[in-house]
> 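The structure under discussion is supplied below as structure tokens; questions concerning it will follow.
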Amino acid sequence: MPTITIDGEKYQVDGDQNLLSSCLTLGLNIPYFCWHPEMGSVGACRQCAMIEYKDSEDQSGRLIMSCMTPIRDGGIYSVNAEMAKEFRGGIIEDLMTNHPHDCPVCEEGGECHLQDMTEMSGHTMRRYRGSKRTHRNQYLGPFINHEMNRCITCYRCVRFYNEYAGGNDLQALGRNHQIYFGRQEEGRLENGFSGNLVEVCPTGVFTDKTFSAHFVRKWDLQTAPSICEHCAVGCNTAPGARESSNNLDPILRRITNLYHHDINGYFLCDRGRFGYEYVNSATRIDKVLSVRDEDLIGSTADNKDILHKEINPQDAVLNLSVQITAAQRQLRRIIGIGSPRSSLENNFALRQLVGADHFYSGLNYLDQEVLQLVNSLQSDDRILSPSTPEIETSDAVLIIGEDIYNTAPRIALAVRQAARNRQKQAAQSLKIPLWQDASVRQLEEEHSPIIFIGTALSNLDDIADATLFESPQKTALFTHALAQEISGYKAPNLKMPPHLQEMVKRTAAILLKAGKPLIISGTSGKHPGTLQAVAELSRALSDDKKTPTKLYLACSEANSLGLTQLFNGTEGNLQQLVQTLTDQRSANIPTSLIILENDLYRRLDKHSVEKLFSLVDEVILLDTLLTPTAKRANCIFPASATAESQGTFVNNNGLAQRFYAVYEGKGFIQESWRWLVDAVDFCTETCENLSVLKEWKHSTDISDAIAREFRVLRVLDELGPDENFRIDGLRIARQSSRYSGRTAIHAQEHVSETPPINDPDAPMSFSMEGIHNPNKTQLQANIWSPGWNSNQSIFKFQEQVGGERKGGPSGKMIERPRHPIPDWTNTLEKSPQPPNSMQMLPIYRLFGSEELSNQSMAISELIEAPFVLINPKEMTQHGVNEGELVDIETSSGIYRTEIRRCNTTPEGCIGVPYGLPGLETLAALMPGYATLRPAATHSIAGVEN
């Protein structure tokens, strides 16, 4: 490692980094604006000036920009030389000539990088007295506020949005001192990572509009480490909450990125950043709801909704306790249904209560099958689940049947970086350092091969080298042929058209030539044959290269892979439950159904769900939001959202991560497992499984119990510090030391300070009392350091700039038994297609396909009206035109929706948006078959839309 001298001190540094990055890694304070650790250097702002000396005899030195200066072994530099300080002061003074004096009203105030750098440069007096330049602001959509007068022209916004994230509707307009960063005309920023402008911008030009609706200063937010619940990538987040002036209960006010080296790095997708508002939505359940006999306007037996009224929580808990006691006396049967969007702890608590034989996954047969396939693939030693940085270094990417921009957005962003690897290799051959981003991008851009095979591709088509849009069956057929091309085995019955044979050979040659090939697939197509073909391809590629194949598999929901570990194969699916209850109907045993955070209308066709409800005597629901399932429940318990609870999710890679409660939920909201434990505490019967529940006082008690029962999940007892952890005898403070107005905010009611709630689950306090900077733990969520109030201070908590957090990664890989993938070579299914029908293929949308974020007010503005996609040839054949209404006749009813032209939709298929409001109940039918016809002019019974 090179040795350099800075202000008389010798340091060993990484020679591959520039001088600025090396100085920051050493903990030195150097101001900067245009440089970003993920986007490299362009030398635009000139704020990071230092002095470089020729040798130890040189007394004057020369001025250099540290972000553009490579490390020189033996180099002598100065940060504090007077010439450097004077130059930096002049730069910041020039930048501030047009900056408004609006810090007190600017939402960036208190966490502003510009404020920090102004203080660091010593610029405290403004001498400029002239008129300031002013700009007209634009409407940029429901996510982002725009205030161009605060701009200092660092170019970070367009560099991230256009060059890093692939957007094309944000430009640098104008010239000289009249640069304007905006759109050619007002309108929503269309890229799904636009929210990162809030954190990328060093000033208040781009701010979080959803946060503006309930704004408080950063120091008045209480935070804790959390995990995004809107997909299964497992991005780390730092939610912020505070009570309002007219309510003692805290509300969730914003989500910011929490750096995790192996997953999300510095960036979040817009669904993860703005989907949090579901927690504060009007559909939120915060009271215990139930029905009495006189309030019934129907019942679960006759398929009518139930009118709910608020009841005393203790009465509801006692009623559940009575049912549990009756079940222990074998006078009643209690069945539990789990959920892939709920924590492992909640699922295990329900399983423990009802018994393993009466616990069901909450997934239909097909969803559970594809998840078990994912689990099997990742258990083979010839397959490696790559981290995000490993994805970014891949030199060839094959995406099979997965629209990752909509199902795993952060992975799509990583693939976009992988497309630049050929350009980076060319730069390295010319000895251009990769951190010199402007120079690297000036080279002729030749994308690394990105190949897509599947139903739909979003946002990556501009970097895709080749695309093939086919049905899941043909996608599987192509993948099988590709595997056989690589292995050298040619199945005699595998026949393909000449143009596809040519693409198979070309794709095989690319994968075999690549030094770091990557395959991406997942469960969104709901097609086991595709995953089996992917397994065959991965095995063939591994055997050829004598090294594990990097295979990233995207699952559907935050804890899909965690829930899978509680089941063996497809045992415990919902169809099995319906069949079991049907077979046992003659036994006349009263049956209660406990549903854990799950909307069954998204899992099964309506007929099956209604039949399930008709087969039970009482439905008890624990959930966060009012859903169609809630309308059929006899009793509803309000469950905590992710930001209000502690638990564990297992992400796509099999990484178990713990999230912590940011605040206590309002009303009677609490974790689902606590409702179950409360009910057990009242039980008069004692048995082994109930006595275990009675012993659970902390979330970590359940984590430890899971670790004891499931060998594959034994890492749970090693996750994060438990509730007894202390630093110098103190808990970790969720609130900053500047947290203000705890008494004054409610002075109109009383002037005494209510003691903060004690957290029984985590070594953290719901107050400012305690340690504020637990740097070398995983509990650091408030990214702040003296002199660095903005999120740029993250480097103070990293081993090196862009490296691991000093507290270590926030999770551990589950320990699945290693076993080879079964031989699925000859498992291509050929299911007959009903005459005059079309296959429904699930397509996904960043906004509209995920259940929880759909209830976010900002996101709901962007959700499209119900529609289906169809190939132009099929439109002609069925006599329909774009924009017309059509009826989709399925086994579950008729759905009326708008038709849209899509040239890439395979012939014989229609693309149906998965989970889109108005079409949610179609999710369980895909990929099935439906009949398409022009909409009837009269009303039809059973039409959904």
Side-chain angles (χ1 to χ4, degrees), residues 192 230-234 269 271 366-367 369-371 373-375 377-378 383 385-386 388 391 394 396-416 418-419 449-461 463-480 482-483 507 511 517-538 549-558 560-561 651-653 841-846 849-850 869 904-906 909 911-915 923 926-927:
H230 301 301
C231 78
V233 172
C269 76
R271 185 168 67 199
L366 188 57
D367 287 343
E369 182 183 12
V370 293
L371 283 172
L373 285 172
V374 168
N375 199 46
L377 266 65
Q378 293 179 343
I383 288 177
S385 296
T388 301
I391 292 173
S394 301
V397 182
L398 173 61
I399 306 171
I400 303 174
E402 194 73 18
D403 187 7
I404 52 174
Y405 175 74
N406 292 312
T407 62
R410 188 59 184 83
I411 303 306
L413 189 63
V415 169
R416 183 167 289 279
I450 310 293
I451 301 170
F452 173 81
I453 304 153
T455 300
L457 178 67
S458 304
N459 196 252
L460 296 177
D461 51 341
I463 60 171
D465 184 63
T467 56
L468 176 64
F469 296 97
E470 288 291 357
S471 66
Q473 292 84 352
K474 291 183 179 179
T475 297
L477 178 67
F478 181 95
T479 308
H480 274 294
L482 182 58
T507 304
L511 293 176
L518 168 69
I519 301 172
I520 297 176
S521 190
T523 65
S524 68
K526 298 176 177 291
H527 189 253
T530 298
L531 287 172
Q532 291 170 350
V534 166
E536 184 186 357
L537 173 60
S538 302
T549 298
K550 288 194 296 183
L551 172 62
Y552 189 92
L553 295 169
C555 301
S556 54
E557 293 169 78
S560 291
L561 208 54
N651 80 344
N652 288 329
N653 282 346
L841 302 182
I843 60 172
Y844 292 80
R845 291 293 182 264
L846 187 63
S849 291
E850 196 274 326
L869 301 180
T904 60
T905 300
C909 304
V912 182
Y914 182 89
M926 295 186 284

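Source: prediction; values computed, not measured.
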> Can you name the side chain to side chain contact (heavy atoms under 4.5 Å, CB included) partners of K526, sequence neighbours left out?
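So K526 forms a side chain to side chain contact (heavy atoms under 4.5 Å, CB included) with L366, D367, Y844, Y914, P927.
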> Does T388 have any side chain to side chain contact (heavy atoms under 4.5 Å, CB included) partners at least two apart in sequence or in another chain, and if so, which?
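Checked T388 against side chain to side chain contact (heavy atoms under 4.5 Å, CB included); matches are E392, R410, I411, A414.
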> Which residues pass the side chain to side chain contact (heavy atoms under 4.5 Å, CB included) test with V374, not counting sequence neighbours?
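Result, side chain to side chain contact (heavy atoms under 4.5 Å, CB included) vs V374: Q378, T523, L531, L553, C555, L561.
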> How long is the span from the CD atom in E557 to the CG atom in L371, to the nearest 0.5 Å?
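Interatomic distance, E557 CD to L371 CG, rounded to 0.5 Å: 9.0 Å.
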> What are the two closest non-hydrogen atoms of T479 and I400, and how far apart are they?
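Shortest heavy-atom separation between T479 and I400 comes out as OG1-CG2, 3.5 Å.
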> Would you confirm whether N653, through its side chain, and P386, through its main-chain N or O, come within 3.5 Å as a donor-acceptor pair?
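The answer is yes, because a donor-acceptor pair under 3.5 Å joins these two groups.
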> Do L468 and F478 come within less than 4.5 Å of each other through their side chains, counting heavy atoms only?
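In short, these two side chains touch, coming nearer than 4.5 Å.
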> Begin from the C-alpha positions of Y405 and L846 and carry the test side-chain contact (heavy atoms from CB on, under 4.5 Å) through to its verdict.
CA-CA 7 Å; Y405 175 74; L846 187 63; 4.1 Å; yes
> Distance check, rounded to the nearest 0.5 Å: C909 atom SG versus Q473 atom CD?
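It is 7.5 Å, given to the nearest 0.5 Å.
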> Which pair of non-hydrogen atoms, one from S394 and one from V397, has the smallest distance, and what is that distance?
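For S394 and V397, the tightest heavy-atom pair comes out as CB-CG2, 4.2 Å.
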> Which one of L398, T549, T507 satisfies the side chain to side chain contact (heavy atoms under 4.5 Å, CB included) criterion with L537?
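Single side chain to side chain contact (heavy atoms under 4.5 Å, CB included) partner of L537 among L398, T549, T507: L398.
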> Would the distance check show the side chain of N651 and the main-chain N or O of A232 forming a donor-acceptor pair, the cut-off being under 3.5 Å?
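Side chain of N651 to backbone of A232: no pair is present.
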> Tell me, please, which residues at least two apart from T475 pass side chain to side chain donor-acceptor pair (under 3.5 Å).
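Here no residue qualifies.
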> Any side-chain heavy-atom pair from N375 and L373 closer than 4.5 angstrom?
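Counting from C-beta outward, N375 and L373 never come under 4.5 Å.
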> Sequence neighbours left out, what passes side chain to side chain donor-acceptor pair (under 3.5 Å) with S524? Give chain and number order.
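S524 satisfies side chain to side chain donor-acceptor pair (under 3.5 Å) with E402 once adjacent residues are dropped.
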> Is any side-chain heavy atom of C231 closer than 4.5 Å to a side-chain heavy atom of T407?
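No, side chains not in contact.
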> Do I451 and I399 have side-chain heavy atoms sitting under 4.5 Å apart?
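No - every pair of side-chain heavy atoms lies 4.5 Å or more apart.
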> Would you name the heavy atoms of S521 and T530 that are closest together and state the gap between them?
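So the minimum-distance heavy-atom pair works out to OG-CG2, 4.3 Å.
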> Can you confirm whether V370 sits close enough to H527 that some side-chain heavy atom of one is under 4.5 Å from a side-chain heavy atom of the other?
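In short, these two side chains do not touch, never coming nearer than 4.5 Å.
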> Do P409 and R271 come within less than 4.5 Å of each other through their side chains, counting heavy atoms only?
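Answer yes - side chains close enough.
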> In the structure I gave you, are the side-chain heavy atoms of M926 and V912 within less than 4.5 Å of one another anywhere?
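Yes. Closest side-chain heavy atoms under 4.5 Å.
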> What residues form a salt bridge (charged side-chain N to carboxylate O under 4.0 Å, His left out) with E850, not counting sequence neighbours?
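If we apply the salt bridge (charged side-chain N to carboxylate O under 4.0 Å, His left out) test to E850, skipping adjacent residues, there are no hits.
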> Measure the spacing between OG1 of T467 and CD1 of I453 and express it to the nearest 0.5 Å.
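Going from OG1 on T467 over to CD1 on I453, the span is 10.0 Å.
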> Return the set of residues passing side chain to side chain donor-acceptor pair (under 3.5 Å) with S538 (not counting sequence neighbours), or none when no residue passes.
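By the side chain to side chain donor-acceptor pair (under 3.5 Å) rule, S538 matches no residue at all.
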> Would you please name every residue forming a side chain to side chain donor-acceptor pair (under 3.5 Å) with N459, sequence neighbours left out?
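Side chain to side chain donor-acceptor pair (under 3.5 Å) check on N459 returns nothing, list empty.
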> Quick one: list whatever passes ring pair (Phe, Tyr, Trp, His ring centres under 6.0 Å) with F452, sequence neighbours left out.
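F469.
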> Taking all atoms of both residues into account, what is the closest heavy-atom pair of H480 and G529, and its distance?
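The pair with the smallest heavy-atom distance is NE2-O, 4.4 Å.
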> Closest heavy-atom contact between I450 and A419?
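Shortest heavy-atom separation between I450 and A419 comes out as CG1-CB, 4.1 Å.
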> With rounding to the nearest 0.5 Å, note down the distance linking CG in L551 to CD1 in I519.
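Taking CG in L551 and CD1 in I519, the distance rounds to 6.0 Å.
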> Between A456 and I843, what is the shortest heavy-atom contact and its length?
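So the two residues come closest at CB-CG2, 4.2 Å.
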